[in-house]
Protein chains: 2
Amino acid sequence: MYRLADVITESCEALQRSSPVPLYYQLKEIFRSWIIAGRFNSGERFPSESALQKHFQVSRMTIRRALTELVNEGFLIRERGRGSFVVRPRVQSQLRRLTSFTEDMQLRGLRADSKFLDFCCVRDAEAARKMGVAEDEELVQIRRLRLVEGEPVALQNAYVRHALCPGIVEKGLIEGSLYKTIEDGYGLKLGRALQTVEAKPADEYEAGLLGIGVGQPVLILERLTYLANGEPVEYVRSSFRGDRYRFVIELVR
Amino acid sequence: MYRLADVITESCEALQRSSPVPLYYQLKEIFRSWIIAGRFNSGERFPSESALQKHFQVSRMTIRRALTELVNEGFLIRERGRGSFVVRPRVQSQLRRLTSFTEDMQLRGLRADSKFLDFCCVRDAEAARKMGVAEDEELVQIRRLRLVEGEPVALQNAYVRHALCPGIVEKGLIEGSLYKTIEDGYGLKLGRALQTVEAKPADEYEAGLLGIGVGQPVLILERLTYLANGEPVEYVRSSFRGDRYRFVIELVR
DNA sequence: AAGTGGTCTAGACCACGTT
DNA sequence: ACGTGGTCTAGACCACTTA
């Protein structure tokens, strides 16, 4: 037997109608907190739209917007005629998110360092071709050895279009993060990236810097990053130690 | 100078109000076709909501729903006070989609084959632990060598919970596809998967079946698949030839 | 000031599943 | 018959950008 009233009235959350935060967003966060706090078992019925509408005194469309976003984020599923159901053993989100190495390690609570090998303006026909820009366009090359907890983990070779972040070589990176610099330093909005992953034997250069034997497997990540408006901004090729790095992603059907 | 009327009136699409297909969906497909057909350059203004509303004679919310879904799919961006803008050099979608090996290869127009090595009921404590089910639960083990255009590319070792697809060993797979069998044969709805990728040297077993040297790099993909209701359904561990397979994903900021 | 997208309302009818 | 979610309408006010 399921009693909506019990679930809802246990909550002490209240909507702030004068807040600049939209109502649907406040509701979404309230619902999300219910689910994360374990107020429901997985597969259990979520309160119906009309029950929520009555309780929060908002229009049905506002409730629906909150619920729809939670469906898109994988916290709920809805079935016509039956109701909304909680999906609890939630696969962590953030796994499809475009993150920098720095952000990645911060999320896992690890200390990340960089050793700069190169930071200069260049013209590189191959990188330009991958980005789909003119072959003689000026690019900023940033070659770094990435360390986690003091151990070398990856070798990164990034190319950024100089036209989008002029003077970056002189100003340097904000907090050592290229993405933070692009976003906060130049006010650009990162959008999507296309990334390929493959496995290869390490060559002498990689082996030497990563401290592994020649021929040991390395993960090659190639990433082409676009701004929100669709312009290409960055091309990176990274070599990760196969024995120190594992790549996790979430897939949706 | 931008003239909305030109863009819109060039279209001969019409809404079918009696169709069971929702209006917002018809609109979405029309807008998507405009963008894919190249009616706009990348970054160009898309017609405003009010212009579209007048032209199609539907309410603004219906227009907005169509536009919102295109924004989520990366075809448009919207800026308050400025308008909606087309993002054309569209990174292919489908790259975050949960697909089977068979579907994957079909999408690329390649011929995929399988050589069954195992197809039987087992109990496997490690696989059960990964799925988070009782260690003595009955699982169906499917071990296959995957071939593309006649060449061995991957070794897959999948475990499916027998309780969710009873009799699968006797009935066999539909069109050689495990996911098709799960969905069409048993009416289950696949949801999400969590996948890890790493690089390792091939052991003798892998090397022998894949036709590569021992110690050559292989990509190890581990996938834990859930149904739409959150229940775990499958655990697969695959070894892909490093020199024949490259993994592509799309990341969003 | 005008135009844009962002949010919100209070209704409506429908298709579907359960009782 | 009833309750559920799915779609749709015709308004409203707001914040923001651009002219």
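Proteins get letters first, then strands, A, B, ... in listed order; numbering begins at 1 in each.
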What is the distance from [atom1] of [X] to [atom2] of [N], rounded to the nearest Å?
X: B/Gln53; N: C/dG5; atom1: CD; atom2: P; answer: 11 Å
X: B/Ile63; N: D/dT9; atom1: CD1; atom2: C1'; answer: 13 Å
X: A/Ile77; N: D/dT4; atom1: CD1; atom2: P; answer: 17 Å
X: A/Glu69; N: C/dG6; atom1: CD; atom2: P; answer: 12 Å
X: B/Glu49; N: C/dG6; atom1: CD; atom2: C1'; answer: 9 Å
X: B/Arg45; N: C/dT4; atom1: CZ; atom2: P; answer: 6 Å
X: A/Arg64; N: D/dG5; atom1: CZ; atom2: P; answer: 8 Å
X: A/Leu67; N: C/dC8; atom1: CG; atom2: C1'; answer: 16 Å

Q: Quick one: closest heavy-atom pair of B/Val86 and B/Asn41, and the distance?
A: CB-O, 4.0 Å
(Q) Which heavy atom of B/Pro166 sits nearest to which heavy atom of B/Ala163, and what is that distance? (A) CD-O, 3.7 Å
Q | Residues from residues 20-29 of chain A lying under 4.0 Å of DNA chain D - heavy atoms | A | none
**Q.** Test of ring centre spacing under 6.0 Å for A/Phe46 and A/Phe31
**A.** yes
Charged N to carboxylate O below 4.0 Å: is that the case for [X] and [Y]?
X: B/Arg32; Y: B/Glu73; value: yes
X: B/Glu138; Y: B/Arg161; value: no
X: B/Glu234; Y: B/Arg223; value: no

Q | Comparing A/Arg17 and B/Ser84 on DNA chain C - which has the more 5′ nearest nucleotide | A | B/Ser84
Q | Nearest listed nucleotide, side chain of B/Ser48, among D/dG5, D/dT9, C/dT4 | A | C/dT4
Q. Which of these nucleotides, D/dG5, C/dT4, C/dT7, is closest to any side-chain atom of B/Ser50?
A. C/dT4
Q. Any chance the side chains of A/Glu222 and A/Tyr235 put a donor and an acceptor closer than 3.5 Å?
A. yes
Q) Rounded to the nearest 0.5 Å, how far apart are CD of B/Glu29 and CD of B/Glu69? A) 9.5 Å
**Q.** Listed partners of B/Arg60 passing salt bridge (charged side-chain N to carboxylate O under 4.0 Å, His left out), at least two apart
**A.** B/Glu49
**Q.** Sugar-phosphate or base contact per nucleotide [nucleotides 11-19 of chain C; S, B, -; heavy atom under 4.0 Å]
**A.** -B--BBSS-
